[in-house]
Structures are given as C-alpha cells and as structure tokens.
Amino acid sequence: MKTAFIYTDAYLDYDYGPTHPLRIIRLKLTYELINAYGLLNLHSVQFISTLKAEEENGAIFHSQEYLNILRQANEGFLPGDAYVYGLGPGDNPIFPGLFNWSLLVTGATLQAVDFVVDGKGEIAFNIAGGLHHAMRSRASGFCYMNDPVIGIMRLLSRGKRVAYIDIDAHHGDGVQKAFYETKQVLTISLHETGYTLFPGTGFEYEIGEGEGEGYSVNLPFPPFTGDEIYLWAFEEVVPELIHAFQPDVVVTQLGVDTFYDDPLTNLHLSIRGYEKVLKRIKDLAPRWVALGGGGYNISNVARAWTLAWAVMNGIELEEELPESYLKEAMRMGIEEKELRGRLKIPLHSQNKENRMEMERVVHTIKEVVLPKIKG
Ligand SMILES: [Zn+2]
C-alpha cells in the first residue's frame, strides 16, 4: 500500500492574527512530530510538497464575484463590501495573503485527490485541508475556500462515487449544502449538536432533498458526549451507510476539536477514542483522501494527526514522544511527553441522557435514511 503526505513550510507565511484561535503553527508542529517518529521515511510513503491551486480550480465551486473579493482581500485590506461575503474582524479576518493561503490549502487537497484517483496510491493526507464551512459566496468559520467540496468535485469529474465522513466537532455545513440535492455524494457528519455549537445546523432531520434525499446524514451529539457513546453511534450507523452506498473513494475531514480539553467545543472525546474511529475509517475506505480540520489545542492536533498518519500507514508508535519534537514543543509551552497520555476525562461524560438521545438519533437514521440509500 502506498500513501502520500502533502505539506509545505510555506503555510507559516500566513497568520490569522494574534488573538485568533486557528494557529497555523499547529501544522508545522504536526509535521515535526510525524517526521520525528520517522513516518515520512517509510518506503511506502511519498512526501509531496504543496503546490498552490489556480484560481480557476476554485471557480468550480465558488462564485466569480466572491473569488474577486478574495483576490482583493489578499492585499490585507478590507474591500468595500467584504461583510456581505463573511469577511472582516472576527472569525474570518482579512490578513495579508489570505487568498494565497486558501489556494495553497486547496492545492494540497487537489494533490491528495490526484494521488488517489491517478492510482499512485490508496491514501493521501492533507493536514492543512478540511475547511468545511466555506460557502459558494461566503467565508464562514475560519474557512475562505471549501477545499473538501473542490476536491470532491474533481473526484466526481473523474467518475468516482464519493462518501464524505466529517468527524470535526462542528457540523460540516458547507460540504453538506454543496451536495444536498445529489445522490452522487453521501455526506456523513458527526458533530456536537447545533443547539450548543456553531454553525447551528446538522440535525438528524437534515437528510438531503430531491434526488439527494437520504444522501445527507447527521449525527448531532449532546455536549459532554464521550468515547463510549460516540463510538457506539459511529458503529451503529457509518459502516452500514458505507456498505449501502459503495463509494470508490472516502474523503474525510478529521478535525480534532472533539477532545475534552479543546477550548472551543463541549464534546468529551479522548485521543484514544479518536484513534479507534480512524482505524474503523481505514477498514471502511477503499481509497482514502484524508483532510485536516479544526483543533484548537495545538498539542492535541500534533499528537492526534500523527496517530492518524500512523493508522493510515499501519504503524504502531512508541508512547514516548521523540526527544527532537519535545524540544520544539517545549518552546511553545507544550508539556505532554506521551503520545496518548493518561486519560483525565470527567466521569459525567457517559451520562444516561446522552445515551438515550443518541439511541433516538441512531434509530431515526436507521428507519428514515438508510433505506433510501442505493449502491
Ligand atoms: Zn471544528
């Protein structure tokens, strides 16, 4: 089996700003840890240096007027009607090079797609990708261009059936919306319920429309859901959906903001639970385009995506973090010395109400959604 890792240090030329929760340095830190474990020197691994996408690659999904605004915003100044397009102080700030940043991330996703669809290998990982909130003509939730949608559209143009699995704590609303009326793409999003978290969508009754009815699936979890309930719900629903749909390629958004110590969300997953989900996705995906996503505790991001990359390559890692990484991490105030660490999750993570709520959601999906899906 061959795998590809797509990365460049050029990501570090960009910065959302000193108070913004999305810190691009997390990508560098992840790369450093993966490299320190020797996971880029395996015979089966191809390292691919990120190449910027062209503007016309973005135009396959985004409107031309929105791309024009992003191009103007690239100078670092607010264009006249930027607010209409979701840009401005707050979630989606204007910073120098923001269009170049978006084209780089999108380029890496297209490289991952090409690696898999051209038959060079089975799995490709773009840790910078997964910017799942961007809409056709609007920036949203730290996302300017929707690289998962653009990547999936390239797969469709190559005649592939695509299942999209999104395990970020936030609902994958931009991807769901893009494919809401088609049965060519099955979108499955597992996330914290929209009652308590941005973007406020992703309820189990959002199942697609018209030809796409049944091809959008949502598992909204109540706050404080832990590994046990999460893994149970995943197992009840996702394998059956994938078997029914029979995708050629699985695209995943692997956000790591579901952890109990993530500063922005309220789910209570552990890195061990995350690893188990990754192993199941590997079993289920005939070919796999893996994208990054959220994650606002940068030590979690580096360790979880290193574990994810190890799972993709079928490698078991030492629990002790490599010395060269620890030096780098210590400079950023990171103290963890173990890959998975000790479990410190509060016991109330596994409460009875959450279990009952997810039994209801799982039942609804099995009764209403699953029978509509055809392979
Ligand atoms: Zn997120």
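Counting starts at 1 for both ligands and their atoms, in listed order.
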| Sequence neighbours excluded, which residues qualify as side chain to side chain contact (heavy atoms under 4.5 Å, CB included) partners of His20? | Tyr16, Leu22, Pro93, Phe142
| ring pair (Phe, Tyr, Trp, His ring centres under 6.0 Å) involving Phe77 - partner list, sequence neighbours excluded | none
| task | Could you tell me whether Arg287 atom CZ has more than 12 heavy atoms of other residues or ligands within 6.0 Å of it? | result | yes
| Exercise: identify the closest heavy-atom pair between Arg161 and Asp248 | N-OD2, 2.7 Å
| Are the aromatic rings of Phe203 and His171 close, with centres under 6.0 Å apart? | no
| query | Going by the side chain to side chain donor-acceptor pair (under 3.5 Å) test, which pairs reach into residues 314-324, not counting sequence neighbours? | reply | Glu319-Arg340
| request: Would you list the protein N, O or S atoms within less than 2.8 Å of the Zn ion (ligand 1), leaving out water? | output: Asp168 OD1, His170 ND1, Asp257 OD2
